[in-house]
Amino acid sequence: MARQGSKIMAAATTALVSLGAATAAIAETELVYWSFWNEGEPQANVIQSWMDDYSALNPDVSFKVFWNGRQNQTTVRNALAGGTQIDIMDADMDALSGGLAAEGLSVGWQSVLEGPSFDGGHSFAEDFHPGLLAQAEVDGWTGQIPYAFYTVQIFYNKAHFAEAGMETPPETWEGFVDVLRNVRDNGYNPLAVESDITFYNVHWFNYLIARIAGPDFLMRAAEDKTGETWRDPAVRQALDLERALWDEGLIPDESRGYQWPAAQTTLAYEESSAALVGSWLPIELADLVDDDFEWGAMKFPMVEGGRGNIDDVTAIGVSFVVLDGTEHRDAAQDFVRFTISEEQQKKMAEESRIGVANPRVSWVPELAASEQAIADANLILAENLGIKVAYPDYSSNIFEATHNRFFLGDMTADEFIEEMVTRTRQYWENK
Amino acid sequence: MIRGRMIAGFLTPAILVYGFFFLLPTLFTFYYSLFDWSGFGEEKTFVGLQNYVRLWNDYVFWLSLWNTVMILLVGGVFIMGLAFLYTILINSGIWGKKFFRFIFFLPNIVSVVALSAMWAYIYNPRIGLLNTAFASVGLEGLSKTLWTSPDNIFWAMLAALIWVFTGFFLILIMAGVDKIPADMYEAADLAGASLWQKFRLITVPMTWDVLTISFVIWVINAIKMFEFPFAFGLLQVPQQLYTLGIYLYVMGFGKREPIYQLGYATAIGVVMLVLAFVMIVVIRRLMRTDSLEF
Amino acid sequence: MTADTKISLSIENVEKYYGGYRALSDIDISVVEGEFLVLVGPSGCGKSTLMRCIAGLEKIDAGTLRIGGRDVTSAIPSERGVAMVFQSYALYPHMTVADNIGFPLRIAKRPKAEIKARVAEVGRLLKIEGLLSRRPRELSGGQRQRVAIGRALVHQPQIYLFDEPLSNLDAALRVEMRVELARLHNATGTTMVYVTHDQVEAMTMANRIVVMNGGVIEQIGAPLELFNNPANRFVAGFIGQPTTNFVNGRVVSADAGAITVELPGGKPFPVAVTERLKGPTPTLEVGIRPQFFSLAQDGAADLTITVDVVEQLGDETLIYGELDGDQSITVQVAGQHHVARGARLDLAVDHDKVMLFDDRGLNLCRRPS
Ligand SMILES: Nc1ncnc2c1ncn2[C@@H]1O[C@H](COP(=O)(O)OP(=O)(O)OP(=O)(O)O)[C@@H](O)[C@H]1O
Ligand SMILES: [Mg+2]
């Protein structure tokens with residue numbers, strides 16, 4: 001209701017402004033925004049209200065929006081090649097780091113980040129969870145501004161885990177597996193796994209290898225042109241722990257045939273109990289679960305003797321980019337600064353039920369554990385521990401695809417290691 | 001002399017149009033495939049045939065090519081076979097005509113996304129149509145099959161794809177078969193021809209032109225196969241389903257991944273083009289015959 | 001039928017429906033071995049349907065079919081021992097003439113050498129030896145016709161079925177093929193059932209003619225029998241060209257053996273009848289073939305017409321005119337006659353050839369020929 005009110009307000013203002021423009025010839029700035037969201041999505045609605053509110057405050061600024069959806073960066077690329085003028089766009093943080101930002105097509109934010117925040121009283125940089133800004137950086141240069149994000153954690157059915165005797169989330173892998181065994185013995189499938197979504201399944205390996213060998217191991221393995229790093233015992237250990245989940249029936253065998261969203265549906269219907277997935281899941285399943293369904297989320301546990309930190313958490317962000325071809329750099333950057341203000345971020349957090357960049361804004365209750373994880377985090381991990389940005393073709397075509405074959409039992413741990421050694425070497429030879 | 005000039009005069013517009021819409025883009029495609037190019041902006045690095053060398057050494061490329069060829073051959077045999085079988089059944093006037101027609105024409109009126117969602121339901125290991133059906137007739141073993149597990153998913157997709165495409169070729173072939181006068185078959189009946197003899201000696205030769213065109217259309221479709229396997233992957237296309245078209249897309253247009261290698265993707269496109277061209281020439285050679293007259 | 005005439009084809013009480021539409025009803029024909037039977041009748045009367053039923057291309061809904069004494073009612077076409085020549089020829093465009101002719105043998109999986117020999121033999125018989133390697137589209141209509149017949153011949157069937165085989169040919173070729181077919185019939189001595197629209201074909205080729213109408217048989221008989229002694233008004237009108245004139249005549253008196261009728265504008269004359277009239281009948285339909293008029297001498301007119309059109313054919317003259325009261329009359333007289341349009345013409349009628357039809361259309365004057 002409130003939003004609608006503000007929309008009408010904004011519409012009225014816009015009408016007045018355009019009237020004014022006609023008569024008094026106010027210099028009009030039109031910001032062209034190509035969106036990662038589809039029209040009608042909650043996020044799109046919030047962004048629309050951001051634009052409306054911003055125009056209300058700055059009558060000389062108006063917006064022209066294209067709701068392109070998830071392929072936005074590719075669409076923008078093709079449009080830019082055709083000479084189209086675009087001021088602002090948004091996309092997956094990692095995709096931008098490997099795409100527009102890496103290509104130097106976005107403006108830098110250093111000076112703006114050092115300047116004041118929209119709300120005042122502190123710098124713009126202090127409007128962010130520190131780890132998040134670090135993740136937005138590539139080689140010390142910030143080309144994007146994250147405004148919302150998801151965490152990747154173990155999301156679980158609180159009732160099932162309570163029934164299994166869990167009081168506080170286990171901090172060790174052993175403790176975690178023990179709980180899962182209890183869940184299994186209570187007649188549930190402990191873990192839900194989609195067979196076809198490699199970028200879900202690979203989180204198991206990513207977290208395990210990060211906990212065992214540290215968050216930089218995967219990058220080292222990818223960058224080792226001989227491929228030999230893959231023979232590190234840590235890899236073997238991570239693989240064995242994954243394999244054991246299947247062998248012990250903690251992941252049901254038929255998951256090998258689950259196509260998204262088959263597995264997460266079993267979570268909603270309380271046939272299974274947990275999944276390692278992004279914080280979008282509780283929202284995605286909101287319409288399917290019973291009213292008394294309670295979500296929990298736990299940090300990915302530590303592996304004994306490991307070199308990682310239990311507080312390191314993977315996050316998947318969404319960022320704005322101001323394109324360096326813009327003729328309205330100041331206005332565009334000012335608008336982005338505005339969207340990170342407390343009032344605006346609150347709208348995003350509440351209406352689209354997503355984690356937001358501004359640490360002063362609290363998240364919806366379903367995401368309380370996510371919020372806590374981010375607050376506790378020393379380090380925010382990028383998807384596939386950074387290799388997705390640095391070597392996207394390696395990350396997707398070789399690492400994720402091969403991992404999925406191992407994960408689903410198409411190859412043994414030894415075969416996986418051999419395959420990764422060979423394919424990594426070939427990748428570099430072929431580069 | 002004048003005649004020659006006149007012919008040239010008449011042909012010029014066609015040649016220009018053809019050159020503009022076909023040859024030129026083809027040449028450009030080949031040209032771009034010689035570059036390392038992200039597609040962001042105009043900046044490209046000339047790498048000669050390096051992209052093709054990379055393709056040669058690229059496991060995923062060969063996997064995609066293999067999948068494409070399987071779709072082309074296995075899919076082709078089943079699609080044409082089913083289309084013919086159905087046509088023959090119709091001509092021999094069996095029951096269930098309307099049912100079959102509905103089944104085969106459905107994919108032509110439903111969106112690809114809806115179709116793949118439907119198949120996802122059919123193949124679902126627990127609540128899926130297929131396994132529930134097997135269980136209900138007591139085939140416990142079969143009812144445990146994981147149709148979309150990594151080792152089965154390609155064939156599961158291909159089965160669905162065959163169904164999706166059969167309707168279209170059915171229309172083509174049926175139109176061809178309908179053109180055959182009924183008395184051709186009656187004369188054969190009087191001679192005591194079996195169904196198979198009628199098929200081999202009458203139906204096939206008398207639909208040869210339609211068959212040639214169907215094969216060519218199928219080859220083109222199969223080589224640029226993208227939509228259905230892509231949609232079959234719903235959220236993410238597993239590598240087991242990659243076709244050349246999907247791989248081209250993945251490499252050139254970065255779905256979730258920031259892979260932006262337009263030059264490399266273009267090289268895949270060139271391979272597809274050459275493959276289609278060669279296949280079509282081969283088909284036309286193999287199937288060449290005097291055109292028939294009724 | 002006497003015991004020593006062998007029945008080649010026996011059609012007994014056959015009925016055929018297309019959905020609710022009765023295409024054939026109560027068809028009863030016995031064809032003697034070696035007979036040339038011709039089916040005639042207006043378009044849509046069921047001739048092709050009957051042929052197709054005999055061949056087994058259509059199932060019959062009632063009745064029995066026997067070929068050579070064998071019940072073939074539910075036999076498949078190839079088991080019936082019939083060969084059919086289609087009006088369209090139904091030649092395979094993708095096969096050579098030799099392959100077309102040899103097709104039935106190929107289907108029967110006969111040895112290649114035998115097929116070759118049989119095809120050559122048939123080719124010689126039909127005088128198409130030189131065309132064996134051509135395709136149908138490289139042939140003239142008459143040549144295609146021969147190929148179609150050749151394909152039937154190679155079968156060596158018990159019965160040939162021809163459905164309007166000559167209708168696609170020009171007049172000259174038709175005459176030629178007609179003669180050849182007759183010769184073929186004589187040579188093979190095989191039973192033939194033949195559908196035609198052509199009166200001349202029917203009259204000249206047939207041993208017997210079957211006249212069909214609306215799915216029923218109107219009459220079966222030798223050509224002249226049908227001409228001279230039609231069973232009813234339909235046959236009288238259908239057989240003979242130009243077609244029979246039908247005129248309303250007033251019944252002056254009706255005795256056991258004769259009925260005296262009076263035509264408009266003429267004087268009464270008696271006609272010998274074989275049937276009795278049932279009940280009082282003021283008028284009867286009088287059938288007079290155009291050939292049975294003559295130009296009347298003074299005062300002896302049986303009827304008078306107003307001349308409309310005159311056609312001079314050289315050896316004969318066709319005169320089209322009208323009786324008082326708008327009934328049209330066609331007159332065919334030998335020689336050349338010049339009559340002005342609009343002139344009144346007195347005509348005499350050969351009383352012995354006049355036919356009378358009762359209100360059901362039955363011929364009252366069946367004269368033994
Ligand atoms: N397959 C069919 N389905 C329904 N009605 C049919 C079919 N075949 C023929 N008929 C009908 O049966 C009747 C007899 O048809 P048929 O072809 O036997 O006539 P015909 O005597 O051969 O005519 P023509 O001299 O024009 O060849 C016609 O009224 C026709 O419309
Ligand atoms: Mg007919």
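Predicted model, so just to flag it, every value in this text is computed and none were measured.
- Highest contact tally toward chain B, considering only Arg423(A), Glu271(A), Arg405(A), is held by Arg423(A) [criterion: heavy-atom pairs under 4.5 Å].
- Contact annotation: the side chain of Asn404(A) never approaches that of Pro238(B) to less than 4.5 Å [non-hydrogen atoms, C-beta and beyond].
- Residue Glu43(B) does not touch chain A at all, counting heavy-atom pairs closer than 4.5 Å.
- Minimum heavy-atom separation, Gln236(B) to Asp196(A): OE1-O, 3.2 Å.
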Full working for side-chain contact (heavy atoms from CB on, under 4.5 Å) between Tyr59(B) and Ile398(A): CA-CA 9 Å; Tyr59(B) 170 90; Ile398(A) 299 175; over 6 Å; no

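- No side-chain heavy atom of Glu194(A) sits less than 4.5 Å from a side-chain heavy atom of Leu235(B).
- Heavy atoms of Asp94(A) lying under 4.5 Å from chain B belong exclusively to its backbone.
- The most heavy-atom pairs under 4.5 Å with chain B, out of Lys431(A), Lys388(A), Gln426(A), come from Lys388(A).
- Of all the listed residues (Gly128(B), Gly252(B), Gly233(B)), the one sharing the greatest number of non-hydrogen pairs under 4.5 Å with chain A is Gly252(B).
- Interface remark: Ile197(A) contributes backbone and side-chain atoms alike to the contact with chain B (heavy atom separation under 4.5 Å).
- The heavy-atom pair separating Gly39(B) from Ala81(A) by the smallest distance is O-CB, 4.2 Å.
- Of the listed residues (Arg54(B), Gln240(B), Met251(B)), the greatest number of heavy-atom pairs within a distance under 4.5 Å of chain A belongs to Arg54(B).
- When heavy atoms are compared at a cutoff of 4.5 Å, Thr198(A) approaches chain B by way of both its backbone and its side chain.
- Heavy atoms closer than 4.5 Å to chain B are found nowhere in Leu96(A), neither backbone nor side chain.
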Stepwise side-chain contact (heavy atoms from CB on, under 4.5 Å) test for Gln239(B) and Glu400(A): CA-CA 10 Å; Gln239(B) 220 167 56; Glu400(A) 275 185 24; over 6 Å; no

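- Proximity to chain B (any heavy atom under 4.5 Å) is restricted, for Thr266(A), to the side chain, taken from C-beta onward.
- The minimum heavy-atom distance between Ser195(A) and Thr148(B), with the atom names listed, is OG-O, 3.9 Å.
- Ranked by heavy-atom pairs under 4.5 Å with chain B, the list Leu100(A), Leu80(A), Val76(A), Asn78(A) is led by Leu100(A).
- Nearest heavy atom pair, residue Pro258(B) against residue Pro392(A), reads O-CG, 3.3 Å.
- For Asn57(B), the parts sitting under 4.5 Å from any heavy atom of chain A are the backbone and the side chain alike.
- For chain B, the nearby parts of Asn397(A) are the backbone and the side chain; heavy atoms of each come within less than 4.5 Å.
- Judged purely by distance below 3.5 Å, without hydrogens or angles, the side chains of Glu103(A) and Tyr260(B) never pair a donor atom with an acceptor atom.
- Neither the backbone nor the side chain of Ile127(B) comes within less than 4.5 Å of any heavy atom of chain A.
- Heavy-atom distances place no part of Asn384(A) under 4.5 Å from chain B, backbone and side chain included.
- Of the atoms belonging to Glu383(A), it is side-chain heavy atoms, and not backbone ones, that fall under 4.5 Å from chain B.
- Side-chain N/O atoms of Gln261(B) and Asp393(A) include a donor and acceptor closer than 3.5 Å.
- Considering all non-hydrogen atoms of both residues, Arg77(A) and Leu262(B) come closest at NH2-CD1, 3.7 Å.
- For Phe232(B), the parts lying under 4.5 angstrom from a heavy atom of chain A are both the backbone and the side chain.
- Only the side chain of Tyr200(A) comes within less than 4.5 Å of a heavy atom of chain B; its backbone N, CA, C and O stay farther away.
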